[in-house]
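In what follows, residues are counted from 1 in the order of the sequence shown. We count ligands from 1, going down the list as the structure has it; atoms in each ligand are counted the same way. This is a predicted model, so every value here is computed, not measured.
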Amino acid sequence: MNTLFDALFAPLSRRDDPLLLLAEGGSLTGQAFLTLVNRYAQALRAVGVMPGDRIAVQVAKTPEALAVYGAAVGLGAVFLPLNTAYTPEEVDYFLGNATPRLMLCDVTRANALAPVAARHGVALLTLNADGSGSLTEAASRCDGDFTPVDRGPEDLAAILYTSGTTGRSKGAMLTHRNLFSNAEVLVDLWRFTRADVLLHALPIFHTHGLFVASNVSLLSGGRMIFLPGFEAGQVIRHLPQATALMGVPTFFTRLLDDPRFTRDLVAHMRLFVSGSAPLLAETHDSFAARTGHRILERYGMTETNMNTSNPHDGERRAGTVGFPLPGVELRVMAEGAEVGPEVVGMIEVRGPNVFKGYWQMPEKTAEELRPDGWFITGDLGKRDADGYVHIVGRAKDLVITGGYNVYPKEVELVLDEVPGVLESAVIGLPHPDFGEAVFAVIVLNTGAVITVDAVLAAVRDRLARFKQPKAAVILADLPRNTMGKVQKNLLRETYKGWFS
Ligand code: AMP
């Protein structure tokens, strides 16, 4: 038995129909993909990968890269995907921390990474953006006759490093049970079936694209349109063949910016899912107005997979992340006790989705994972009277000004309602009197003409004085990472001297 392999990959032996539809028009059947998985597993075993070994993978998104994930699962190894943007210096940290047996990289980076891999005694093989490379060559000499290694629910399947905006990133240890239980729940909750064609434009080095999208699609027996990344024109071209799209909020705003994205284009679609960063209520509403579809927003994180989701059938409420998933417990805590509706506190979750701890960081694990299984997410939020969960922001983004707590989201929501303002990011900056002062970074709607002073004046009556931004700037865009998250740490760094 191999919990994940048996559920996600083994059933492909019965599928002679297309599993992956590719950007250029080709496709790969389930059987062809499984053969690739098996050959990679044999090739990886031949270079010494044993059960429990980590395989670090920093490669372009290709069917071959997804097949390496399957191979790692089948081998009982631990899949360790790395963001393709990481520099060799950053990779050095991951190799030192995770001590993988092997690393895969693109041939164009092999020279830069070779000394890093050598320093940690890690073998380096290549897997390129066109699927070629030394691993593929080795795999092509294998016959595909591979029997997966036994793995139980508590065995590790993957380590995903957190994005680490403060301090070093931590390797979240995810078990077969974590990944399988979450995929099973989501297939059911979001009504995925073998008739579904998921438009997959997310990266596969992150939980959203790798687990939410790929695992859900594989488990449901459906198909994926497997694109190398998000490019609005390409997505629009493929939407007519899709039934579902999973994306980060920027996918939806970019689609809305494109006149080719029309109601007719998506009239046949079954589901749009958003997550990884907050979807503005305004985006939700504009999307509904343009397409007639209500985006289903859900909330999760690297350490926990998915925690909550808006309902498939009930009301999908803009600006909320819905209800805890079946089997997942969620509580809001303040001052050591659980609080009731409408009170903001720290969100904690418990369930089969919650990771096993941080790789080789027992103290960090103990700080965030309670002995009775509750994980302290670091997200502040509340439940409303109807039970919908609202995320207010990361606890580390909380602004404490003159001893008062200011939840950035509360101020951002008010700023965003000012006519002319598209969106905003509120941060705390060092201030000689207040400790921290509330500072707003504002993005205007295209063509809007409004000054910083006018925006600040417009919120004056709506926010207590200590919550009002003491200063603000207008930018063309908010800095975002590949998952669409606003990089508040960059903003804090840029403007740190503002009040000094
Ligand atoms: P990551 O581990 O990179 O997936 O980041 C997880 C974090 O993203 C969570 O702890 C939240 O702060 C944020 N996040 C994910 N989904 C949502 C959402 N739907 N709304 C607001 N924040 C979200």
Requested in this report: Please check if the distance between the ring centroids of Phe252 and Phe261 is under 6.0 Å.
Outcome: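 No, ring centres 6.0 Å or more apart.
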Query raised in the report: Do Phe9 and Tyr69 have ring centres separated by under 6.0 Å?
Result: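 Yes, the ring centres sit under 6.0 Å apart.
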Could you tell me, atom by atom, which parts of ligand 1 come under 4.0 Å of a heavy atom of [X]?
X	result
Arg298	16 (N), 18 (C), 19 (N)
Arg394	10 (O), 12 (O)
Thr302	1 (P), 2 (O), 3 (O), 4 (O)
Glu297	18 (C), 19 (N), 20 (N)

Give me the atom names and distance for the closest heavy-atom approach of [X] to [Y].
X	Y	result
Asn215	Ala183	CB-CB, 4.0 Å
Arg492	Lys396	NH1-O, 4.2 Å
Met301	Thr207	C-CG2, 4.3 Å

Determine, for [Y] and [X], whether the Lys NZ or Arg CZ falls below 6.0 Å from the six-membered ring centre while staying within 45 degrees of the axis.
X	Y	result
Lys170	Tyr358	yes
Lys470	Phe434	yes
Arg270	Phe192	yes

Query raised in the report: Heavy-atom contact under 4.0 Å between His208 and ligand 1?
Result: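 For ligand 1, residue contact (heavy atoms, under 4.0 Å) with His208 is absent.
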Report task. Determine whether any heavy atom of Val321 lies closer than 4.0 Å to an atom of ligand 1. Result ->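 Yes, Val321 has a heavy atom closer than 4.0 Å to ligand 1.
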[atom] - nearest protein heavy atom and its distance:
atom	answer
atom 13 (C) of ligand 1	Ser276 O, 3.9 Å
atom 5 (O) of ligand 1	Lys485 NZ, 2.8 Å
atom 6 (C) of ligand 1	Met301 CB, 3.3 Å

Query - Side-chain donor or acceptor of Gln58 paired with backbone N/O of Tyr86 under 3.5 Å - result: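 Indeed, once roles are kept as given, a pair shorter than 3.5 Å links the two residues.
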Would you check whether [X] has a nitrogen or oxygen atom less than 3.5 angstrom from a nitrogen or oxygen atom of ligand 1?
X	result
Thr377	no
Asp379	yes
His206	yes

Query raised in the report: Hey, is Pro278 touching ligand 1 through its side chain, its backbone, both or neither, going by heavy atoms under 4.0 Å?
Result: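 The answer is both.
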Query raised in the report: Where does Ala277 meet ligand 1, judged by heavy-atom distances below 4.0 Å: at the side chain, the backbone, both, or neither?
Result: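 It is the backbone that touches ligand 1; the side chain stays farther off.
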